[in-house]
Amino acid sequence: MSLVEVTGLTHSFGDKKIFNNTEIKLFRGDKMGLTGRNGVGKSTLINILTGIVIPDEGYIKWNPKVTYGYLDQQAKIDSDITVKEYLKGAFDYLFKTEERLNDVNNRIAKCKDKNELKKLLEISGECQNMLEANNFYAVNSEIEKVAAGLGITAFGLDTPVGRLSGGQRAKVMLAKLLLQNPDVLLLDEPTNFLDREHIEWLAKFLISFKGSFIIVSHDSGFLSRVVNCISDIEFYTISRYNGTYENFMRQKEQKAENYLRNYNYQQKEIAKLQDYINRNIARASTTAMAQSRRKKLEKMEKLEKPVTAVKPSFTFQYKTISRKPLLKVRSLEVGYTEPLLPKITLTLRAGQKLAVTGFNGIGKSTFLKTICGIIPALSGSFRYEPDVVIGYYEQENVWEDPEKTAFSEIKEEYPTMRDREVRASLARCGLRPEQVMQKLKTLSGGEQAKVKLCKIMLKPCNLLILDEPTNHVETVALMSRL
Ligand SMILES: Nc1ncnc2c1ncn2[C@@H]1O[C@H](COP(=O)(O)OP(=O)(O)OP(=O)(O)O)[C@@H](O)[C@H]1O
Ligand SMILES: [Mg+2]
């Protein structure tokens, strides 16, 4: 029996079709990668499985004995509790059992009645067994193991949850989810907020995970290590491929080639029939033949034209600048109330390409935000050459007004641009025409990232400051431009 299955799934957002009478099944032992280009409906499917999105049509059936967990980054957490307390929440049921055990043991100490005592001892034994069976006495070391693996120890288990950065918060939520150890994990792009070493840890965790999972990730190297089957979304349909990611890629390529061959063959067939019909329908001697071919043509199940994904193409405009140092950073201290990092001193010259690396939450984004003037420096200084123009790409998909459309976001920044140019620029970054007029908040993660890149692309600048630009987006097109 499957752990979960969705059948007869049909869903649209307005005019945009996402699924058309398709299905997905997850079986015990499945370690499933969910793939498909940006905006195809991966996050939507996860939301359908968790009941956040109710599909237009379809039947979602979870096996009642199965527990599942997913990363809800919107979830509210009490901001006063510490990270450790929050993580301990994963074992709430065990702590409750421990409380009960203590209570029963107290009552045993005072109990005079023989029968009552017998009953209490039984309960005490049950509680004790339950705690032991669930490894209760190793809870703390379990928490520490996961916290170290995901790099939480680096920013401290005693930090109040309210003080965490977006990425740190997401990590802590992932840690709790893994500690809860449900039968099925649903993970949507968990590697986006992890550093290389923690991605490595997560990969190992997932490889040895006893349960099943569905995972979305644009990191194909990561996927190929952890999955044993793929569900790929294309043409509003979910197709399952068993075996490795590489095997899936091969099969998918083969399938696409076959489809294209069949499509081209059918198009030729249609053209031939149509031509015959046109030439013969009015001719008395051949009209019967022509009519029968017309019927054949009408009855033919026509293959839809294969849609090729819009390949984004990013070109950043360059504003020339003299060869002087572009940026001088001197003894700069960055942070909020206290410095996050030792004092930074560096000089950046024209043509230099600098990578900022380090653990998640250590202060990379804070450093970039400081030198972009978004948050104040704690001490020290930074100075740009006067004709430096910065193009800044912020890590998080946050918008001043998420109700705005992608079109107006660009148009307001560049009011002199013609409407057609605005549309063309967004298209070049990989947005489909219907998405241009869609509200920013309803665009998928990848689509939002493309709007942000488009904004930078239109501005002639000479210093790009990019904070994790490859999260969410197919990366090849971007890399060749940097
Ligand atoms: N509430 C909504 N209203 C209109 N369109 C929506 C809404 N929510 C999602 N969409 C659209 O549905 C499509 C599927 O979105 P979804 O977030 O599921 O894509 P995805 O496969 O997860 O993409 P990505 O790889 O970029 O994360 C996108 O084109 C998105 O713009
Ligand atoms: Mg998504």
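One-based numbering, in listed order, for ligands and for the atoms of each.
- Here CG of Leu186 is found 7.5 Å from OH of Tyr68. Values are rounded to the nearest 0.5 Å.
- From the protein, the heavy atom lying nearest to atom 27 (O) of ligand 1 is Gly445 N, 3.8 Å.
- Proximity annotation for atom 9 (C) of ligand 1: of Asp188, Thr442, Val53, Asn47, Thr442 comes nearest, heavy atoms only.
- Between the side chains of Asp188 and Ser43, a donor-acceptor pair is found at a separation under 3.5 Å.
- In this structure, Gly41 counts as a contact residue of ligand 1, since one of its heavy atoms falls inside 4.0 Å of the ligand.
- Side chains of Asp183 and Thr67: a donor-acceptor N/O pair is present below 3.5 angstrom, by distance only.
- Between Gly446 and ligand 1, an N or O atom pair is found at a separation short of 3.5 Å.
- Taking any N or O of Phe13, backbone or side chain, none lies under 3.5 Å from an N or O belonging to ligand 1.
- At a heavy-atom distance under 4.0 Å, only side-chain atoms of Gln438, from C-beta outward, approach ligand 1.
- Residue-to-ligand polar distances place Gly39 within reach of ligand 1: an N/O pair is separated by less than 3.5 Å.
- Within the 4.0 Å heavy-atom criterion, the part of Gln435 lying near ligand 1 is the side chain and not the backbone.
- Only one option out of Glu468, Glu396, Gln395 pairs with Ser365 in a side chain to side chain donor-acceptor pair (under 3.5 Å); it is Gln395.
- With a 4.0 Å cut-off on non-hydrogen atoms, His218 does not touch ligand 1 at all.
- Residues Asp30 and Ser212 bring no donor and acceptor atom of their side chains to less than 3.5 Å of each other.
- Residue side and main chain included, Ser43 places an N/O/S atom under 2.8 Å of the Mg ion (ligand 2).
- Shortest contact from atom 12 (O) of ligand 1 to any protein heavy atom: Ile18 CD1, 3.2 Å.
- Residue, atom and distance of the protein heavy atom nearest to atom 25 (O) of ligand 1 are Lys42 NZ, 2.7 Å.
- The closest protein non-hydrogen atom to atom 18 (O) of ligand 1 is Thr44 OG1, 2.5 Å.
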